[in-house]
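These notes are about the structure you will find just below.
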Amino acid sequence: MNIVYALIHLLTLVGMSTSIVWLAFHAKRKKIKHSFMLCQTLIMIWAASKILDMLAVNESELYMCYLFGNLGVCFIGAAWVSFCSLYFSKDKKTPVKVLYAISALNYLAVASNPLHGLYYNELSIHKIDHGILFYENVVFTYMCIAVGIAKVYKKSLEEKIRFKRQATLIAVSVLIPLVLNVFYITGNLSGRFDPTPFGFAMTSILILLAVYKYDFLDVNYVTFPKIFTNVPGGIVVVDRFDEITYINETARELLGKYQNIKDVYVLAGEEAAKKNHELPAETEVTVNDRRLNIKCYTHYDNNAVMATAFIITDISRYYELIEKTRKLNAANEEIAVEKERNRIAQEVHDTAGHTLTMISSAAKILKIKYPGLPDEVNEYIDKISSESTAGITALRMAVNNMKRYSYTGITESISELADSVKQIECTVCFQGEETEKYLFSAAAIYTSCREAITNSLRYSGADRIDIIVKFLEKSLEVYVFDNGCGCSEILEGNGLTGTVKRIEEIGGEVGFMSSEGNGFTTAIKIPLGEKI
């Protein structure tokens, strides 16, 4: 019978050593791995001591065996709590060091038993009588096991789905050595055979299966289907016998009625594949008004196809965004063209319109001032007047090579503008001194004054234009008056609208005033603000 018991413990040693080697090479989390390996090592020490115990022939050898075996007996409880704390709850408050200290005291009681006899009242080949400290160690170990189980179930309650089976398997496995240990302590087993190490060995193996089945060994098998079920893309896996071994719900939805293997191959590009005997790596197809991208991944083993995976992505939204972007770009281009067209039209109106108006007015003045000219000359003058008037309309639609002006200062540019007016009297009055702080508005002021003069020449019938420019400390003010016929209602056409726009762009404001028989006034005010 002793040989049978020895074989049982030997089997325990082989199982534990195998699992320790496996853990050393495959486990990843170091603290948990070391904690669990410690539990298994203590069980191996306990089982080895039981083999030596059966071979002992005197009290000295027996005592040495029990001294060696109690390394496992005394420390297994603390090691179990340490493992459960690390793996199931990450509980840093558990006094693991205190538990190891109590375990060390219990072992010290075993080592010093010949002095006090409180751990073993009697330890002989024929009889083993346990003392009070032995039962204290048993109670301590059972309490540690209870604490470990409590941590397991605490975690299982927090994460019911993940740990339900795991917690149940571990809790049941822990009951095995407890039951065997109760049988041994109560004397229900004959001889010195203690099955508790074997029970702990079975527990260790079951725990290993529980921990690594649901966490390490089959993590891909457990996790991948859940991931594939929830990914936004469709996944189809085909084996070497052209059988679909996996298809997720997204793929079923995207493929619709095309869900047999032949349909998948056709969609992936079977016709194209016939030419080079392999499926294209990527293709795009339209299925049920959806644009799908199908990527093909083929796994080979010694040039033989083992499996093919298809990843299907709905890219309809991508094409919708491309179309919207194209339309938006086209709209932006149209807006840019329209904006440039308006700019050129305004430039034509402000420059060529002014020039042609001056030519037309000069022709009319020439005919009035020299009434005795020959009829042939008068015809040419009339032609010049009519052609220049028609040219105003034509040039407004011109889009080529418009001349730009650069201005060195307001005083100089406005003075030159007034001197260029020959038909009627045009005077300029400058108040204050121009400095660099006013230069930012020079182009806008020049163009606005030119527009005001052009309008006076064309519509007012005035014989005098006065321009007043005030260089004030915090603003620039410009007034353009004429003594023409005026008007009862001011209609803002291209000219007046352009004046308002260009002045507002530099932070200023424009006002127009007129009445019947009282001429026309343009008033411009530009605050300097941060321009100072």
Quiz item: Of the options L105, I145, N106, which is the one that meets F140 in a side-chain contact (heavy atoms from CB on, under 4.5 Å)?
Solution: N106
Exercise. For the residue pair E284 and I315, establish whether any side-chain heavy-atom pair is separated by less than 4.5 Å.
Key: yes
Self-check item: Check: I45 and F68 side chains under 4.5 Å, non-hydrogen atoms
Solution: yes
Quiz item: Is a salt bridge present between R290 and E253, judged by a nitrogen-to-oxygen distance below 4.0 Å?
Solution: yes
Quiz item: Quick check: does any side chain N or O of N248 sit under 3.5 Å from a backbone N or O of I235, one acting as donor and the other as acceptor?
Solution: yes
Quiz item: Which pair of heavy atoms, one from C74 and one from S103, lies closest together, and at what distance?
Solution: O-OG, 3.0 Å
Exercise. State, to 0.1 Å, how close C65 and S49 come at their nearest heavy-atom pair, and which atoms those are.
Key: O-CB, 3.4 Å
Quiz item: Do R252 and I247 come close enough that some side-chain heavy atom pair is under 4.5 Å?
Solution: yes
Self-check item: Pairwise distance CD1(I76) to OG1(T41) - rounded to 0.5 angstrom
Solution: 9.5 Å
Quiz item: Does the side chain of E61 pick up a donor-acceptor pair with the side chain of Y66 at under 3.5 Å?
Solution: no
Quiz prompt | Listed partners of I132 passing side-chain contact (heavy atoms from CB on, under 4.5 Å), at least two apart | solution = L118
Practice problem: Taking the side chain as every heavy atom from C-beta outward, state whether I526 and I506 have any pair of such atoms under 4.5 Å apart. | Solution: yes
Quiz item: Less than 4.5 Å apart, any side-chain heavy atom of I311 and any of I294?
Solution: no
Self-check item: Side-chain heavy-atom pair V237, T308 within 4.5 angstrom cut-off
Solution: no
Quiz item: Atom CG in L108, atom CG in L133: separation rounded to 0.5 Å?
Solution: 10.0 Å
Quiz item: So do L254 and V287 actually touch side chain to side chain, heavy atoms under 4.5 Å?
Solution: no
Quiz item: Taking only residues two or more places apart in sequence, or in another chain, which ones meet Y119 in a ring-ring contact (aromatic ring centres under 6.0 Å, His included)?
Solution: F134
Quiz prompt | Donor-acceptor pair, side chain of S124 and main chain of K127, under 3.5 angstrom | solution = yes
Quiz item: Any donor-acceptor pair under 3.5 Å linking the side chain of N329 with the backbone of T325?
Solution: yes
Quiz item: Does Y107 have any ring-ring contact (aromatic ring centres under 6.0 Å, His included) partners at least two apart in sequence or in another chain, and if so, which?
Solution: none
Practice problem: Would you confirm whether S35, through its side chain, and F83, through its main-chain N or O, come within 3.5 Å as a donor-acceptor pair? | Solution: yes
Practice problem: Consider only side-chain N and O atoms of R291 and T286, and report whether a donor and an acceptor are under 3.5 Å apart. | Solution: yes
Self-check item: W80 versus G148, closest heavy-atom pair with distance
Solution: NE1-CA, 3.4 Å
Quiz item: Does the distance from a Lys or Arg side-chain N to an Asp or Glu carboxylate O, for R502 and E505, drop under 4.0 Å?
Solution: no
Quiz item: Does a side-chain heavy-atom distance below 4.5 Å link F440 with L528?
Solution: yes
Quiz item: From K295 NZ over to T283 OG1, what is the distance, rounded to the nearest 0.5 angstrom?
Solution: 12.5 Å
Quiz item: Under the side chain to side chain contact (heavy atoms under 4.5 Å, CB included) criterion, do L292 and D314 qualify, and how do the steps go?
Solution: CA-CA 5 Å; L292 304 180; D314 185 355; 4.2 Å; yes
Quiz item: Looking only at heavy atoms, which two atoms of I244 and V236 are closest? And how far apart?
Solution: CG2-CG1, 4.1 Å
Quiz prompt | Residues forming a side-chain contact (heavy atoms from CB on, under 4.5 Å) with E323, sequence neighbours excluded | solution = R326, K327
Quiz item: Between F310 and Y297, is the ring centre distance below 6.0 Å?
Solution: no
Quiz item: Taking all non-hydrogen atoms of both residues, which atom of V73 and which atom of T141 are closest, and how far apart?
Solution: O-OG1, 4.0 Å
Quiz item: Using the ring of each side chain (for Trp, its six-membered ring), is H130 parallel, tilted or perpendicular to Y120, with breaks at 30° and 60°?
Solution: tilted
Quiz prompt | Non-neighbouring partners of E504 that pass side-chain contact (heavy atoms from CB on, under 4.5 Å), sequence neighbours left out | solution = V500
Practice problem: For Y63, enumerate each residue passing the side-chain contact (heavy atoms from CB on, under 4.5 Å) test, keeping only those at least two apart in sequence or located in another chain. | Solution: L67, P114, L123
